[in-house]
Amino acid sequence: MKILFVIDKIELKYFEFNNLVTNFWLIKGFLERNNEVYITINPYLSLKADVPYAKCYETFVQDGNIFYKNILSENQIDDFDLVMFRPDPPVDIDYINATYVFDFVKKAEVINSPSAIRDFNEKLHSVYFKEYMSENIVTASLMDIERFLKIHKQIVLKPLNKCFGSGVMYLYDGDPNTRTIINTMTNNETTLIMVQEFIPEVKQGDIRVLTLGDKVLPYAIKKLPTQDDFKFNTHNDDFITASGLTKSDLDVFTPVAKKLNSMGIKMAGLDVIDGKIIEVNVTSPCYFIKEINRVYNIHLEDEICDFILTKNLLSL
């Protein structure tokens with residue numbers, strides 16, 4: 001197969017040896033199965049009349065690492081069998097414009113669907129699964145947030161368009177900075193934010209649950225908070241441990257996987273605390289492959305690549 005990865009600009013800059021990122025392992029896995037794999041970034045996409053193109057680099061594997069040839073070629077996106085659309089947030093206007101280009105793709109299979117990503121906010125649309133979430137509201141209203149805080153005593157405020165925990169704030173009832181924090185987060189009641197009931201178990205970490213097609217993978221990791229924060233904020237082995245899922249967990253989250261898959265979101269990462277979903281990662285969900293391989297003694301990239309290539313995800 002001929003495969004195109006749309007990756008983040010920072011990943012292109014540090015492409016080789018970057019085994020912390022999911023794309024490294026998937027690209028390596030596809031290459032080792034004798035597929036042609038190319039990489040591009042959002043600014044290299046274009047539309048000529050109604051034909052979508054990508055300027056891209058061909059990748060290769062050597063001595064267990066991946067590299068790319070420093071020759072930029074232009075290809076029609078429909079010349080690829082599969083496109084892995086995985087640029088990182090924020091989902092800003094440049095990101096959204098890139099998804100528009102894929103509205104004109106006719107033949108290539110694209111995972112995850114760019115239009116589905118465009119229509120799915122990782123924080124706000126988690127509410128599709130409200131029965132598995134803690135109490136929450138989406139609002140820009142100071143009064144609404146103060147009322148929510150009074151009821152729940154401890155809350156978390158999240159911007160809707162950031163990632164990696166950026167801009168997330170904790171508030172407790174009686175905090176002298178309450179109004180300052182709320183006004184800063186909402187830009188003086190002009191910007192919607194997600195407000196969630198604080199889950200004290202976050203101090204023991206949050207679990208990344210991985211979906212692939214209609215199923216939930218049995219391998220999960222727990223992301224531990226650092227000493228100076230209430231949340232996971234550094235990609236370091238010292239703060240990542242195994243967290244196996246029970247049959248009950250699989251039964252609970254499988255309907256979530258099926259719903260996401262039906263929407264065109266075939267790979268996702270659920271962030272879960274004490275059995276409650278706090279976020280659904282769909283843009284470029286990190287599968288923590290390096291860490292899962294280490295703690296479970298497996299090769300997760302093989303399972304993912306084989307699953308995709310045997311057309312469990314493809315509809316070619």
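Bear in mind that the values here come from a model prediction, so they are computed numbers and not experimental data.
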(request) Measure the spacing between NZ of K276 and CE of M133 and express it to the nearest 0.5 Å. (result)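 It is 11.0 Å, given to the nearest 0.5 Å.
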(message) For a quick test of reading the model, state the closest non-hydrogen atom pair linking L82 to I308 and the distance between them.
(response) CD2-CG2, 3.8 Å
(message) Determine whether a donor-acceptor pair (N or O, by modelled atom type, separation under 3.5 Å) exists between the side chain of D88 and the backbone of D8.
(response) no
(message) When you measure from the side chain of Q196 to the backbone of I278, do you find a donor-acceptor pair of N or O atoms at a distance under 3.5 Å?
(response) yes
Any chance the side chains of [X] and [Y] put a donor and an acceptor closer than 3.5 Å?
X: N183; Y: E189; value: no
X: T180; Y: N177; value: no
X: E303; Y: Y219; value: yes

(message) Exactly one of L245, I277, T211 should register a side-chain contact (heavy atoms from CB on, under 4.5 Å) with F253. Which one does?
(response) I277
(request) Check which hydrophobic residues are tied to I93 through side-chain heavy-atom contacts below 4.5 Å, counting indirect links as well, and list them. (result) none
Enumerate donor-acceptor pairs with a distance under 3.5 Å from any side-chain N or O in residues 48-57 to protein atoms, sequence neighbours excluded.
residue: K48; atom: NZ; partner: E74; partner atom: OE1; Å: 2.8
residue: K48; atom: NZ; partner: E74; partner atom: OE2; Å: 3.2

(request) Go through the steps to decide whether K158 and E122 satisfy the test salt bridge (Lys or Arg N to Asp or Glu O under 4.0 Å), and finish with yes or no. (result) CA-CA 11 Å; K158 297 180 176 180; E122 294 185 323; over 6 Å; no
(request) Take Y68 and F60 through the ring-ring contact (aromatic ring centres under 6.0 Å, His included) test and state the conclusion after the steps. (result) CA-CA 6 Å; Y68 66 87; F60 61 97; 8.8 Å; no
